[in-house]
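Predicted, not measured: the structure shown is a model, and the values here were computed from it. Lettering of chains follows the sequences in order, A, B, ..., and the numbering in each one begins at 1.
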2 protein chains.
Amino acid sequence: MAADQRPSGIEAHLGYWLRTVSNAVSQSFARKVEAEGVTVAEWVLLRVLYDAERIGPSLLAERIGMTKGAISKLADRLIQKDLVARNADPDDRRAHTLALKPSGRALVPKLAAQADQNDEAFFGVLAAKERDQLERLLRKIVSARELKTMPTD
Amino acid sequence: MAADQRPSGIEAHLGYWLRTVSNAVSQSFARKVEAEGVTVAEWVLLRVLYDAERIGPSLLAERIGMTKGAISKLADRLIQKDLVARNADPDDRRAHTLALKPSGRALVPKLAAQADQNDEAFFGVLAAKERDQLERLLRKIVSARELKTMPTD
DNA sequence: TATTGTTATACTCTATAACTATA
DNA sequence: TATAGTTATAGAGTATAACAATA
């Protein structure tokens, strides 16, 4: 115990390896979808809307793990790109919903294909069994901490 | 093959899980070291300097996986905080080196302890064997791609 | 008063590229 | 010309907090 007084190095932390790989994967994906004019965070939002049909910023924020303010800004950009529409909620006049426009809906499969490719490029070096392991371990951490990526507000 | 035409969802990608966990770990760490007045990137730089003694921005950039410009800005902040010193290189008058000041050297073990704590908080739910597995898988991806986190220039 | 959502502000991280000073 | 490093600019992502409208 007294033998090693040196502070633990960067590489001693799983968090470091995670950050290294995650940054590389996200940046590579960002470059891939840059041509379509969207960012990583925008892709996530678009993909969620694809399934959700229409959903309000608050619920969306909770689901994606962002603050309401961040969703607002993101939505603004996507609306400006004509990919998403912001609609009034007839029941609650404070509330709004977000939904894909046809151009946005058409874009999602293209982005999904690029996400598939990107995943393959990075995780293709792992055997199928190893990929399952990796996913299992990551999910285990997520569910243990009830992660939503970020504090929701 | 024709059965599933839906674009793959967010959760189908390992990159998504990686990003979720990585962001949470990094943000948690950022909050922890906020009290010491440093950021995650600054911690990495400080820790590398702790071992390297003195090293120039270019080599540093390559080692950490950042651009020279990013290192410059980071160094400026650390110098302003009196944690790091910038010294002229006697051999090549274009070159500089960076080195920890005593206050910076004293800070590293504290930060390392918090990094240890943070790692434990997230990865403590995994068994020792699982942690080894996770590290092995991440390292495998890193070495397969010769990752340096970011394009170096 | 509490809630929904927007807006304003600020800071980190990153990139690209222009620039300075050497070599 | 090439290299070491800085500086300038810009945009994404995030947070916090103030604010307006409505409940």
For [X], what residues pass the side-chain contact (heavy atoms from CB on, under 4.5 Å) criterion, not counting sequence neighbours?
{"X": "A/Ala52", "result": "A/Ile55, A/Arg63"}
{"X": "A/Lys32", "result": "A/Ser28, A/Gln114, A/Gln117, A/Asn118"}
{"X": "B/Asp132", "result": "none"}
{"X": "B/Asn87", "result": "B/Arg54, B/Ala85, B/Thr97, B/Ala99"}

B/Val38 and side chain to side chain contact (heavy atoms under 4.5 Å, CB included): which partner among B/Leu45, B/Leu83, B/Val44?
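Looking at B/Leu45, B/Leu83, B/Val44, the match for B/Val38 under the side chain to side chain contact (heavy atoms under 4.5 Å, CB included) is B/Leu83.
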
For a quick check, with a 4.0 angstrom heavy-atom cut-off, what is the B/S/- contact string for nucleotides 18-23 of chain D, read 5' to 3'?
---BBS

Taking only the side-chain nitrogens and oxygens of [X], find out if one of them lies under 4.0 Å from OP1 or OP2 of [N].
{"X": "B/His96", "N": "C/dA21", "answer": "no"}
{"X": "B/Gln27", "N": "C/dT12", "answer": "no"}
{"X": "B/Thr67", "N": "C/dT16", "answer": "no"}

Contact class for B/Asp89 (heavy atom, under 4.0 Å): base, sugar-phosphate, or nothing?
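No contact at all - B/Asp89 keeps every heavy atom at 4.0 Å or more from the nucleic acid.
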
Just grab all the side chain to side chain donor-acceptor pair (under 3.5 Å) pairs involving residues 102-111 of chain B, residues at least two apart or on different chains.
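The answer is none; no pair qualifies.
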
Qualifying residues under side chain to side chain donor-acceptor pair (under 3.5 Å), relative to [X], sequence neighbours excluded:
{"X": "B/Arg77", "answer": "B/Glu42"}
{"X": "B/Asp51", "answer": "A/Arg6, B/Arg47"}
{"X": "B/Arg94", "answer": "B/Asp92"}

Round to the nearest Å and state the distance from [X] atom [atom1] to [N] atom [atom2].
{"X": "A/Arg86", "N": "C/dT4", "atom1": "CZ", "atom2": "P", "answer": "16 Å"}
{"X": "B/Leu45", "N": "C/dT12", "atom1": "CG", "atom2": "P", "answer": "15 Å"}
{"X": "A/Arg31", "N": "C/dT14", "atom1": "CZ", "atom2": "P", "answer": "13 Å"}
{"X": "A/Glu62", "N": "C/dG5", "atom1": "CD", "atom2": "C1'", "answer": "15 Å"}
{"X": "A/Glu34", "N": "C/dT16", "atom1": "CD", "atom2": "C1'", "answer": "12 Å"}
{"X": "B/Asp76", "N": "C/dT14", "atom1": "CG", "atom2": "P", "answer": "16 Å"}
{"X": "A/Ile71", "N": "C/dT6", "atom1": "CD1", "atom2": "P", "answer": "10 Å"}

Salt bridge (Lys or Arg N to Asp or Glu O under 4.0 Å) contacts in which one or both residues fall within residues 115-129 of chain A, not counting sequence neighbours
A/Glu120-A/Arg131

I need the minimum non-hydrogen distance between A/Val40 and A/Ser26, along with the two atoms involved.
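It is CG2-O, 3.7 Å.
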
Near DNA chain C, counting only heavy atoms under 4.0 Å, which residues of residues 106-119 of chain B show up?
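Result for residues 106-119 of chain B: none.
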
Under 3.5 Å, which protein N or O atoms sit close to an N or O of nucleotides 8-13 of chain D? Give each pair with its distance.
{"residue": "D/dG13", "atom": "OP1", "partner": "A/Thr39", "partner atom": "OG1", "Å": "3.4"}
{"residue": "D/dG13", "atom": "OP1", "partner": "A/Ala41", "partner atom": "N", "Å": "3.4"}
{"residue": "D/dG13", "atom": "OP2", "partner": "A/Thr39", "partner atom": "OG1", "Å": "3.1"}
{"residue": "D/dG13", "atom": "OP2", "partner": "A/Arg77", "partner atom": "NH2", "Å": "2.9"}

